[in-house]
Structure formats: C-alpha cells, structure tokens
K.L.:
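Pasting in a structure now, in structure tokens, and then I'll have a few things to ask.
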Amino acid sequence: MDFRLWTLDTKLETLNSELETLNSELETLHYDVIIIGGGAAGLFCASEAGKRGRKVLVIEHAGRVGKKIAISGGGRCNFTNIYATAEQFLSANPHFCKSALARYTPHDFIALVNKHDIRYHEKKLGQLFCNESAQQIIDLLLNECADAGVEISCNSTVDSIAKIDDQFEVIIKPHRLTSTSLVIATGGLSIKPLGATDFGYRIAEQFGLAIEPPRPGLVPFTLDPSLLERLSKLSGISIDAVVSHNKTSFRENVLITHRGLSGPAVLQISSYWKPGDTISIDLLPDIESFEADEAELINVLARSLPKRFAQAWCELFAHSKPLKQYGRRELETIASQLHDFKILPSGTEGFKKAEVTVGGISTRELSSQTMEAKKVPGLYFIGEVVDVTGHLGGYNFQWAWSSGYVAGQSL
Ligand code: FDA
C-alpha cells in the first residue's frame with residue numbers, strides 16, 4: 001500500500017473516532033417543537049403549541065426575547081390594526097396571507113390583550129397602541145408561554161441543523177437537540193443591534209427553498225446632494241401629502257430631513273420602491289386648481305401648507321406674485337409642480353433604519369394554512385422571515401400573531 005494513502009487512512013480513522021467521542025459527549029434532549037427566534041411570531045407560536053400539549057423549546061441568540069417589541073411603536077407597541085386585511089400586505093403572492101389572517105384576526109389578539117388587562121387606545125387609522133408600555137406585550141407573551149410550559153433558552157447560538165429521517169437535529173454545543181417539528185421565526189434583516197440575522201434565509205437555502213430577495217422596507221429615502229441642498233431650507237418641516245409610486249398612494253405626513261425624506265407616507269411608499277424609480281408627491285391634495293385672483297401665490301400656498309414651506313417653495317420653484325399676474329400656462333405648471341412633485345430618491349437608509357424587511361422565504365414553498373414547507377415536512381417559517389410584509393400601522397405584528405397561530409395549531 002502506498003505509504004501516503006496509509007497515513008491518510010489512519011488520520012481519517014482517528015478523526016472518525018474523535019467525532020464519535022464528541023457526539024457521545026453531546027447531551028441529547030428531545031422536544032416535540034423547537035422554535036428558533038424569540039420574537040413576536042416565535043413566542044406566540046410557542047404558547048399556542050404548548051397549550052396543545054406539545055413540549056416546546058424557544059431558542060433565542062440574544063440575551064433576552066422580544067427586543068423589537070420593546071422599542072416598537074415608540075415604546076408603546078402598535079400591536080395590531082383593527083382594519084387588517086390582505087390588502088395591507090406586500091408579497092409575491094398577495095393572496096397567501098388571507099388564510100392565516102382569517103383564522104387569527106386582530107379581534108382575537110385584542111381579546112388576549114383584554115384577558116391580560118392591558119389598556120390600549122386607537123391612535124389613528126385603526127392602529128392600536130398600549131397605553132403604558134410595549135413591555136406589557138412581552139409580558140403577555142412570556143406569561144402565555146409560562147402557562148403553556150414552554151422552555152426558553154436565551155444566549156443560545158445554533159451551530160448546525162440537520163434533518164435525519166423524520167427528526168430535526170439542532171446542535172447547540174454541548175447539547176444535541178432533536179425535535180419532530182422545527183419552526184424558523186428569526187425575522188428579517190432590519191436593525192442588527194436588535195438581533196437581526198440572515199439565519200432564516202440560510203436555513204431555507206440549506207433545505208433548497210426559494211427566497212424573494214430581501215430589501216429594506218418602511219425606511220427613509222436618501223436624496224442626491226444637489227437636491228438635498230435645494231431642499232435644505234425645508235428640512236424639519238412636516239406636511240400632509242399624498243405620496244405615490246405607480247398605482248400605490250398613501251396620504252399621511254411627509255417629513256423633510258437633513259438626509260432626505262421620511263414620515264409615515266414616505267415610509268409606506270418605500271416598501272414598494274425599487275432603485276431607479278421616481279416617486280410623486282401631491283403637496284396640495286385638497287386643492288384642484290388655482291383661481292386667478294388678487295392673492296399672492298405664497299399666501300395661497302400658506303392656506304394649506306406651513307408658512308415656512310410656502311416661502312421656501314416659492315423661492316425654489318416660482319417667484320411669488322398675485323395669481324392674476326400669472327399666465328394660464330404658468331399657473332398650470334405651478335399646479336402640476338405642486339400636485340405631481342417628482343423625486344428620484346438616490347437610495348434608502350438601508351437595513352440600519354428599516355422597520356421591516358420586504359421579501360423573504362417564498363410563499364410558493366409554504367402552505368398558507370400551516371406555514372409548513374411543502375418540500376420539508378415538519379419545517380415551518382413564520383413572521384417577518386416569510387415574504388409577507390405589512391404596511392406601517394400594526395400590520396406586521398398582526399402577521400406575526402396570525403402566522404404564529406396557524407403554525408402553532410398544526411405542529
Ligand atoms: P422579530 O425580529 O421580532 O424576532 C426575531 C427573533 O429571532 C429576534 O428575537 C432575534 O434576536 C432572533 N434571532 C435572529 N437570528 C437568530 C438566530 N440565528 N438564532 C436565534 N435567534 C435568532 N410592527 C408593528 O406591527 N407595529 C409596530 O409598532 C412596529 N414598530 C416597529 C419599530 C421598529 C423600530 C422596528 C425595527 C420594527 C417595528 N415593527 C412594528 C415591525 C415588527 O417589529 C416586526 O415585523 C416583528 O417584530 C416581526 O416579528 P418576528 O417574530 O417575525 O421577528
């Protein structure tokens with residue numbers, strides 16, 4: 001025998017026996033359900049599965065669960081929206097979320113909030129916020145999990161995942177965990193310091209599941225330095241406007257910042273925006289046309305817009321004079337600039353500032369009834385990691401509850 005081959009053989013034998021020793025040293029624990037990610041979706045799914053008598057473990061890599069919930073809604077958590085329907089969600093398949101949203105509705109979650117004596121109020125447009133603190137929603141989830149006998153392990157990093165026959169093996173050294181069902185609830189890529197990772201997408205890839213490319217959503221726009229400089233006089237001003245992208249429009253506030261554009265209407269449209277696209281802002285949505293009269297343009301604008309904005313607008317785009325002194329064409333141009341103010345964002349502030357991640361595990365891969373991967377029985381994806389993204393206003397938490405619920409009833 002070739003000496004080099006013999007040496008390699010011996011090395012391989014040694015490595016194999018070391019691996020066997022290491023494996024035997026790993027302590028094996030079995031669960032019915034292992035959930036990776038202790039955020040809104042993971043904790044809610046855990047309590048539902050636990051209530052059905054399942055032995056459940058939640059694995060969270062951060063030091064505590066629910067970090068995003070804690071800072072959501074400005075610390076008051078906009079935990080649902082009473083008007084939630086499939087229409088407020090983006091997905092390659094807009095029908096996918098219908099089933100889960102119908103099986104676990106905003107009213108179901110409101111009943112749970114009432115059961116926990118959490119006081120809340122509607123801020124606007126059906127958005128429900130805690131009166132006191134977002135921590136109350138985390139406590140609600142932790143109490144539900146405790147009542148259902150769910151185990152939660154924080155500061156736990158998964159080393160590897162495998163499917164062996166009909167069981168999942170999750171290695172968290174020095175433990176070897178096995179489970180009948182495995183739920184991936186690791187969320188999207190938004191805001192790394194709050195625990196965001198690409199773990200869910202990597203697991204999807206490992207099991208051969210397609211992903212809709214993730215991109216930042218509900219995120220401020222950045223502008224070209226030259227445009228930014230022109231708009232710098234308007235920085236800090238917030239106006240009620242309609243922002244549109246193709247056929248999608250939102251009427252809410254637009255905030256001009258020293259980096260670009262923000263405010264609810266801009267955040268909403270950003271989820272639909274792709275690099276290179278132009279957006280249009282209607283700065284005077286309640287005024288159809290200008291009558292040529294004695295009033296000066298600046299004063300006409302100041303009837304509907306903040307005075308500082310009207311002033312800066314006139315300095316930038318039209319010399320202010322009495323309306324009757326403009327020609328018909330001029331007035332039409334001014335009106336169209338105000339109703340269809342076109343802006344080409346240079347980009348967004350990215351995942352650092354995005355409230356959500358648009359895209360994720362392709363809904364083609366999942367059952368809309370259960371969130372189970374069609375190709376990998378026992379493997380589930382729930383919450384933001386899935387290609388279902390809500391508008392601003394409590395819809396993303398409702399998706400976390402609804403998708404977590406249907407998975408929790410199935411596994
Ligand atoms: P979520 O991100 O909540 O949880 C994922 C968990 O998995 C995290 O705890 C993370 O640490 C953990 N994890 C990640 N990788 C891991 C790994 N490898 N191993 C173990 N654990 C891992 N929505 C809304 O409806 N109303 C609101 O008021 C707000 N407000 C808001 C404010 C801000 C600043 C942000 C960034 C987002 C919001 N949102 C919101 C969006 C909402 O927070 C979000 O959609 C949900 O938290 C998604 O729930 P998930 O459980 O899917 O992910």
Side-chain angles (χ1 to χ4, degrees), residues 34-46 57-81 84 88-90 106 109 120 123 125-130 133-134 137-138 141 152-161 170-172 182-203 216-220 264 267 271 349-358 360-361 371 380-405 407:
I34 292 178
I35 298 176
I36 304 181
L43 292 174
F44 193 61
C45 178
L57 172 70
V58 177
I59 296 169
E60 168 58 53
H61 74 150
R64 59 193 162 84
V65 295
K67 277 186 166 184
K68 256 187 205 168
I69 304 173
I71 60 142
S72 66
R76 295 245 162 96
C77 187
N78 178 193
F79 55 81
T80 191
N81 191 302
Q88 294 90 26
F89 292 86
L90 289 83
F109 195 75
Y120 60 89
K123 200 168 172 188
L125 308 167
Q127 303 167 4
L128 301 189
F129 286 74
C130 298
S133 156
I137 299 295
I138 302 177
L141 295 167
I152 298 176
S153 173
C154 289
N155 290 314
S156 297
T157 306
V158 174
D159 292 299
S160 66
I161 285 178
V170 178
I171 303 291
I172 300 179
L182 179 67
V183 182
I184 307 298
T186 46
L189 295 173
S190 317
I191 318 201
K192 219 172 166 189
L194 296 177
T197 67
D198 64 353
F199 185 86
Y201 312 131
R202 282 192 277 123
I203 297 303
L218 301 180
V219 63
L267 298 183
S271 298
E349 292 197 28
F351 287 116
K352 260 189 186 166
K353 287 283 161 70
E355 224 169 83
V356 285
T357 300
V358 185
I361 314 307
M371 302 292 135
Y380 295 75
F381 291 85
I382 57 171
E384 200 178 310
V385 76
V386 178
D387 173 34
V388 173
T389 309
H391 288 176
L392 189 75
Y395 300 102
N396 285 297
F397 278 135
Q398 186 57 44
W399 172 245
W401 317 137
S402 297
S403 59
Y405 176 85

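All ligand and atom numbering here is 1-based and tracks the order in the structure.
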K.L.:
Which part of Ile191 is near ligand 1, with near meaning a heavy atom under 4.0 Å away: side chain, backbone, both or neither?
P.N.:
side chain
K.L.:
If you measure from each non-hydrogen atom of Ile36 to ligand 1, which part falls under 4.0 Å: side chain, backbone, both or neither?
P.N.:
side chain
K.L.:
What part of Trp399, side chain from CB on, backbone N/CA/C/O, both or neither, has a heavy atom under 4.0 Å from ligand 1?
P.N.:
neither
K.L.:
Out of Val58, Ile161, Ile203, which residue meets the side chain to side chain contact (heavy atoms under 4.5 Å, CB included) rule with Ile36?
P.N.:
Ile161
K.L.:
Can you name the atoms of ligand 1, numbered from 1 with element, that are less than 4.0 Å from a heavy atom of Gly38?
P.N.:
6 (C), 7 (O), 9 (O)
K.L.:
Output the list of atoms in ligand 1 that are nearer than 4.0 Å to some heavy atom of Gly37, sorted by atom number.
P.N.:
6 (C), 7 (O), 12 (C), 21 (N)
K.L.:
What protein heavy atom is closest to atom 12 (C) of ligand 1, reported as residue, atom name and distance in Å?
P.N.:
Glu60 OE1, 3.2 Å
K.L.:
Which residue and atom name correspond to the protein heavy atom nearest atom 26 (N) of ligand 1, and how close is it?
P.N.:
Asn78 O, 2.9 Å
K.L.:
Report yes if Ala41 has an N/O atom closer than 3.5 Å to an N/O atom of ligand 1; otherwise report no.
P.N.:
yes
K.L.:
Give the atoms of ligand 1, by number and element, whose distance to some non-hydrogen atom of Tyr395 is under 4.0 Å.
P.N.:
25 (O)
K.L.:
Would you say Val385 and Tyr201 make side-chain contact, with heavy atoms under 4.5 Å?
P.N.:
yes
K.L.:
Compute the minimum heavy-atom distance from Lys67 to ligand 1 and say whether it is under 4.0 Å.
P.N.:
no
K.L.:
Please verify whether a non-hydrogen atom of Ile59 lies at under 4.0 Å from ligand 1.
P.N.:
yes
K.L.:
How far is atom 1 (P) of ligand 1 from its nearest protein heavy atom, and which residue and atom is that?
P.N.:
Gly39 CA, 4.2 Å
K.L.:
Could you work out, with side-chain hydrogen bond (donor to acceptor under 3.5 Å, both in side chains) as the rule, every residue matching Glu355, not counting sequence neighbours?
P.N.:
none
K.L.:
Run the numbers for me: atoms of ligand 1, each under 4.0 Å from some heavy atom of Ile71, listed by number.
P.N.:
34 (C)
K.L.:
Of the backbone atoms (N, CA, C, O) and the side-chain heavy atoms from C-beta on, which set of Glu384 has a member under 4.0 Å from an atom of ligand 1: side chain, backbone, both, or neither?
P.N.:
both
K.L.:
Check each atom of ligand 1 against the heavy atoms of Ala185 and keep those under 4.0 Å away; list them by number with element.
P.N.:
5 (C), 6 (C), 7 (O)
K.L.:
Looking only at non-hydrogen atoms, which of Gly73, Cys77, Gly195 approaches atom 14 (C) of ligand 1 most closely?
P.N.:
Gly195
K.L.:
Test of understanding: given a 4.0 Å heavy-atom threshold, classify the contact between Ala196 and ligand 1 as side chain, backbone, both, or neither.
P.N.:
neither
K.L.:
Name the closest protein heavy atom to atom 30 (N) of ligand 1, giving the residue it belongs to and the distance to 0.1 Å.
P.N.:
Ser72 CB, 3.3 Å
K.L.:
Should one rank Phe199, Phe381, Phe351, Phe397 by closest heavy-atom distance to atom 25 (O) of ligand 1, which comes out on top?
P.N.:
Phe397
K.L.:
Out of Arg76, His61, His391, indicate the one that has the non-hydrogen atom closest to atom 21 (N) of ligand 1.
P.N.:
His61
K.L.:
Using a 4.5 Å cut-off on heavy atoms from C-beta on, say whether the side chain of His391 contacts that of Leu218.
P.N.:
no
K.L.:
Which residue owns the protein heavy atom closest to atom 35 (C) of ligand 1, what's the atom, and how far is it?
P.N.:
Glu355 CG, 3.3 Å
K.L.:
Would you mind listing which atoms of ligand 1 come within a distance below 4.0 Å of any non-hydrogen atom of Thr197?
P.N.:
14 (C), 15 (N), 16 (C), 18 (N)
K.L.:
Kindly say whether the aromatic ring centers of Phe397 and Trp401 come within a distance under 6.0 Å.
P.N.:
yes
